[in-house]
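Lettering of chains follows the sequences in order, A, B, ..., and the numbering in each one begins at 1. Just so it is clear, the model here is predicted, and its values are computed rather than measured.
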There are 2 protein chains.
Amino acid sequence: MGSSSVESGTRGRTRRAILSAAAEVLARDRAATLADIARAAEIGRSTLHRYFPDRDVLLRAAVADAHLVIRQAVQDAAVDEGTPSEAVRRLATALVGTGDRLLFLYGDPRSLGEFDPGEDPDSVDRMVTGLIKRGQAEGVFDPTAAVEWLRDILWALVYAGCESARRGVLPRPGVADAVVRVLENGIRGQS
Amino acid sequence: MGSSSVESGTRGRTRRAILSAAAEVLARDRAATLADIARAAEIGRSTLHRYFPDRDVLLRAAVADAHLVIRQAVQDAAVDEGTPSEAVRRLATALVGTGDRLLFLYGDPRSLGEFDPGEDPDSVDRMVTGLIKRGQAEGVFDPTAAVEWLRDILWALVYAGCESARRGVLPRPGVADAVVRVLENGIRGQS
DNA sequence: CTGTTTCGGGACATCAATGTTCCATTTCTA
DNA sequence: TAGAAATGGAACATTGATGTCCCGAAACAG
């Protein structure tokens, strides 16, 4: 029958539903139960075990999935093109669009440093830091700050934007704008 | 003997050690075990149960303690005095100084909305948002942005600063400066 | 329509974290 | 130093999450 990458259609849909539900639930409570996740995915707990034998496998898959979605978003942002400012705007928009996946991945200790060996050595980070370095080289971003620090700021603000949107503090559209404005001008008035 | 608030000296010290260890451990792993916390506090697990009957009690106490420490820090920052910029600088410095407590409290779902009834209706938030409003009124902070959003940014950046310091991305002293610089100018170069 | 696949949910065993109790030992304190 | 307070650690019961198995029902594919 199908090679390993050919899902029966039903299986693929169910699998995606589980991974999506996992990100959604775990983003809000890292200690959530497998039963919680199954409920959110609207499937039976036994079905969940059918797809992911144990919790650890599910978590790794969820991390990998979130990572994949985010990497795709970053790639689509075409971070090498245009001015750094434009690129950052596209990047922020794309990242905000990944929603729960980002909240989940960013808030997971597993996401830092514990990638499956043999996997991509974090092309996401390369693309993001690449953009930042380019911006620094062009004098658009503070060249005296450490690249890692600026990267952390970017993630922190995107994260805050997603959270604030989730809580209704910010209107869904406009989150990216708000984040970019802070990145570019801080919180100051238009002095 | 002592009224309820008079700890025997030893008891007070042990209690503080537990709460401090709890914040430290839970800041890094919310699913940490009571045994982990006891180990970090360098006490026996049974001693921990002697001070905090069950996990829930400990968690509430840890949240209350962290909240107290942070409130004290905010108060010490005398946020009503001087220019908003000066006040924000003092505030950021004070918050960064609370370290693990802030990382723990900020990263805990319990910290949002689930305060013990009859407790202070969050004077911390009142002081912080008060400062932000003052800054907006004086045109120093963007008056078109929602107060809650600016507040969230402040916390997110302070949080990021603590995290980056913990990972060695930023030098311990200078974290507050870095945070304030971003708040005031964003990440741009000195144009 | 029929055989196959997938599903839901119950029953059950397992396991790790938790909470309790007890006692010998160490540490305070008067 | 002697009595009191606090501690650590072992032993044990409990509990909730987890993982496994199984079977009747529903969805799907040909």
R13(B) CZ to dT27(C) P, straight-line distance once rounded to whole Å:
13 Å
Just how far, in rounded Å, is C1' of dG9(D) from CZ of R39(B)?
14 Å
Taking OP1 and OP2 of dT7(D), is either one under 4.0 Å from a side-chain nitrogen or oxygen of Y51(B)?
yes
Any T14(A) side-chain N or O less than 4.0 Å from OP1/OP2 of dC7(C)
yes
Roughly, in whole Å, what's the span from CG in L58(A) to P in dA17(D)?
16 Å
Salt bridge or not for D56(A) and R60(A), using N-O below 4.0 Å?
yes
Taking the side chain as C-beta and beyond, is there a heavy-atom pair between L183(B) and V88(B) under 4.5 Å?
yes
Separation of atom CD in E42(B) from atom C1' in dT7(D), rounded to whole Å
14 Å
What is the distance from CD1 of I43(A) to P of dA27(D), rounded to the nearest Å?
16 Å
For the residue pair V128(B) and V79(B), establish whether any side-chain heavy-atom pair is separated by less than 4.5 Å.
no
Sorted by chain and number, sequence neighbours left out, ring-ring contact (aromatic ring centres under 6.0 Å, His included) with F52(A) holds for none
Over 12 non-hydrogen atoms of neighbours within 6.0 angstrom of CD in E42(B)
no
Filter on salt bridge (Lys or Arg N to Asp or Glu O under 4.0 Å), then keep only pairs touching residues 73-102 of chain B, sequence neighbours left out; what's left?
R28(B)-D100(B), D65(B)-R101(B), R89(B)-D177(B)
Hey, what bend do you get for the helix from dC1(C)-dG30(D) to dA30(C)-dT1(D) if you fit axes on five pairs at each end, rounded to 10°?
40°
What is the separation between atom CG on L48(A) and atom P on dT6(C), rounded to the nearest whole Å?
16 Å
Would you indicate whether the side-chain heavy atoms of L95(A) and W155(A) approach each other to under 4.5 Å?
yes
Report, as a single string ordered 5' to 3', how protein heavy atoms within less than 4.0 Å touch nucleotides 15-26 of chain C: B base, S sugar-phosphate only, - not at all.
--SBBB-B----
Report the distance from atom CG of D36(A) to atom C1' of dT18(D), rounded to the nearest whole Å.
13 Å
Got a sec, which residues hit salt bridge (charged side-chain N to carboxylate O under 4.0 Å, His left out) with R55(A), two or more places apart in sequence or on another chain?
none
For E148(B), salt bridge (charged side-chain N to carboxylate O under 4.0 Å, His left out) partners two or more places apart:
none
